[in-house]
Amino acid sequence: MADKRDYYEVLGLKKGASDDEIKKAFRKMAMKYHPDKNPGDKEAEEKFKEVNEAYAVLSDPDKKNKYDRFGHAGVDPNAGFGGGTGGFGGFGGFEDIFDMFGGAFGGGFGGFGGGGRSRRNGPRKGSDLQKAITIDFKEAAFGTKKQIRINKYVKCKTCGGTGAEPGTSKKTCPTCGGSGEVRTAQRTPLGTFQSVSPCSDCNGTGEINESPCKDCGGTGKIRDNVTISVNIPAGVDNESVIPIKGQGEPGINGGPDGDLYIVINVEPHPLFERRGQDLWLEIPITFDQAALGDEIIVPTLEEKVSYKVPAGTQPGTVFRLKNKGIKSVRGNRKGDLYVRVTLEVPTKLNSKQKKAIESMGKTVGSECYQKKSSFLDSIKEFFS
């Protein structure tokens, strides 16, 4: 017995711990070292056995009393794991452990039997689908309606999705009694394990289809090309997603159909750049327009508007036209249109035009240019 660790130490407790403390410690240690959480880890497996052995003794009042008085010698060292010290004491096997945990492992421990497992033959939602479509810039801005075609599974019209030939019906599987699962018990040194596996006779559905539908082969669904109408709201942008409820694939065992998600791609516009709900536009103006001011025509998505460019406008100046952007997809607020003016310098000049510009350059001195004048003053100051 000298090679065995103290049972209180195994559970991380001090001698004299209460029943609640013992139970709480056991749950914590069992969850930590359970083989399902440590697959292939021999050390964790040994510790899991040690934890269960400790709890089997300390959870039993009579054995706990003997262990507190005489240590390991006070409990039967030869009883094995079938019912003495190594047995699972006051709660007959792993099914009770699972009940004690209250499904804390999410039903994932196949050997635990008992509650927490979802029925394989219960109603399940059908698979969701995704379809990408491309629309042009104006369709995204103002909204549109599209007819899309998609190849997907649909309920078989012949059998109505039951999978059975018309006039017949599926029968409850006699092997599993309709549960879709078969349980087998196996005795091990740790006690009796219950393993749960899908019923091989009904493939886990709980039902036997003796007369499968000839059109769908008993699956209850067939592939078909379906046309779906999609309302695309104003204001969508690249990677916007439009959900269409119930247009996915058929549900299973009476479950709801899945959903279809439309992913939007928007083609770029030749003039406008979109930034959220705002639009940006570059308009070239001439030197005389920038210097003297002028009224220019500005295109928007809906119409043309005139805008007065003030005299002395500098290249790169940005003007804002309020509410000329794109409507928000979540409300009625519209963005703005930002117009950046760029100065276009003439590249093709005849001799007469060149002389005119030279004459202007002599007439319009550096004092007429605010930035140039300031720059010349900075140079003079730098070299003085």
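In what follows, every heavy atom counts, from backbone to side chain, and hydrogens, waters and symmetry copies are set aside. Position 1 is the first residue of the sequence, and the numbers go up from there.
Under a 4.0 Å N-O distance rule, the pair Arg320/Asp336 qualifies as a salt bridge. Between Lys324 and Glu303 there is a salt bridge, with a side-chain nitrogen of the basic residue lying less than 4.0 Å from a carboxylate oxygen of the acidic one. A salt bridge is defined here as a Lys NZ or Arg NE, NH1 or NH2 lying under 4.0 Å from an Asp or Glu carboxylate O, and Lys64 with Asp68 meets this definition. The pair Asp278-Arg274 fails the salt-bridge criterion, with no side-chain N (NZ, NE, NH1 or NH2) lying under 4.0 Å from an Asp/Glu carboxylate O. With salt bridges taken as basic N to acidic carboxylate O contacts below 4.0 Å, none links Glu45 and Lys47. Taking the charged nitrogens against the carboxylate oxygens, Lys171 and Glu210 do have a contact shorter than 4.0 Å, which makes a salt bridge. In this structure, Asp259 pairs ionically with Lys125, as a charged nitrogen and a carboxylate oxygen lie closer than 4.0 Å. Between Lys152 and Glu249 there is no salt bridge, since none of the side-chain N atoms of the basic residue sits less than 4.0 Å from a carboxylate O of the acidic one.
Rounding to the nearest 0.5 Å gives a distance of 8.5 Å between CD1 of Ile296 and OG1 of Thr313. Interatomic distance, SG of Cys202 versus NZ of Lys170, reported as 10.5 Å (0.5 Å rounding). To the nearest 0.5 angstrom, Leu279 atom CG is 5.0 Å from Leu301 atom CG.
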For salt bridge (Lys or Arg N to Asp or Glu O under 4.0 Å), just list the numbers for Asp19 and Lys23, CA-CA rounded to whole Å, side-chain angles, deciding distance to a tenth of an Å, and then say yes or no.
CA-CA 6 Å; Asp19 291 344; Lys23 183 179 292 187; over 6 Å; no
With side-chain hydrogen bond (donor to acceptor under 3.5 Å, both in side chains) as the criterion, how do Ser229 and Gln147 come out once you've worked through the C-alpha distance, each side chain's angles and the decisive distance to 0.1 Å?
CA-CA 5 Å; Ser229 180; Gln147 301 292 321; 3.2 Å; yes
Kindly indicate, with the supporting measurements, whether the criterion side-chain contact (heavy atoms from CB on, under 4.5 Å) is fulfilled by Phe26 and Val51.
CA-CA 7 Å; Phe26 167 69; Val51 165; 3.6 Å; yes
Assess whether salt bridge (Lys or Arg N to Asp or Glu O under 4.0 Å) is satisfied between Lys334 and Glu302, documenting all intermediate values.
CA-CA 13 Å; Lys334 292 185 71 173; Glu302 299 178 73; 2.7 Å; yes
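Counting heavy-atom neighbours within 6.0 Å of Lys155 NZ, excluding the residue itself, gives a total of 12 or less.
Scanning all heavy atoms of the two residues, the minimum distance from Val10 to Ala54 falls at CG1-CB, 4.0 Å. For Phe48 against His34, the heavy-atom pair with the smallest separation is CZ-CD2, 3.5 Å. Considering every non-hydrogen atom in both Cys173 and Ile208, the closest pair reads CA-CG1, 3.8 Å. Counting all heavy atoms, side chain and backbone alike, Lys221 lies closest to Cys216 at O-CB, 3.6 Å. Shortest non-hydrogen contact noted between Cys176 and Glu181 is CB-O, 3.4 Å. Nearest heavy-atom pair across Ala44 and Asp41 is N-OD1, 3.1 Å.
Checking Arg149 against Thr227 by side-chain atom types alone, a donor-acceptor pair falls below 3.5 Å. No side-chain donor from either of Glu43 and Tyr33 sits under 3.5 Å from a side-chain acceptor of the other.
Taken together through direct or relayed side-chain contacts under 4.5 Å among Ile, Leu, Val, Met, Phe, Trp and Tyr, Tyr261 and Ile228 form parts of separate hydrophobic clusters.
Using cut-offs of 30° and 60° for the angle between ring planes, the Phe137 and His269 rings count as perpendicular.
A cation-pi arrangement, defined by a distance under 6.0 Å to the six-membered ring centre and an angle within 45 degrees of its axis, is absent between Lys15 and Tyr8.
Scored by the side chain to side chain donor-acceptor pair (under 3.5 Å) test, Thr286 finds Asp288, Gln289 as partners (sequence neighbours excluded).
Partner Phe319 forms a ring pair (Phe, Tyr, Trp, His ring centres under 6.0 Å) with one of Tyr338, Tyr307, Trp280 and no other, that one being Tyr307.
Glu139 contributes a side-chain N or O that, together with a main-chain N or O of Asp136, makes up a donor-acceptor pair within less than 3.5 Å.
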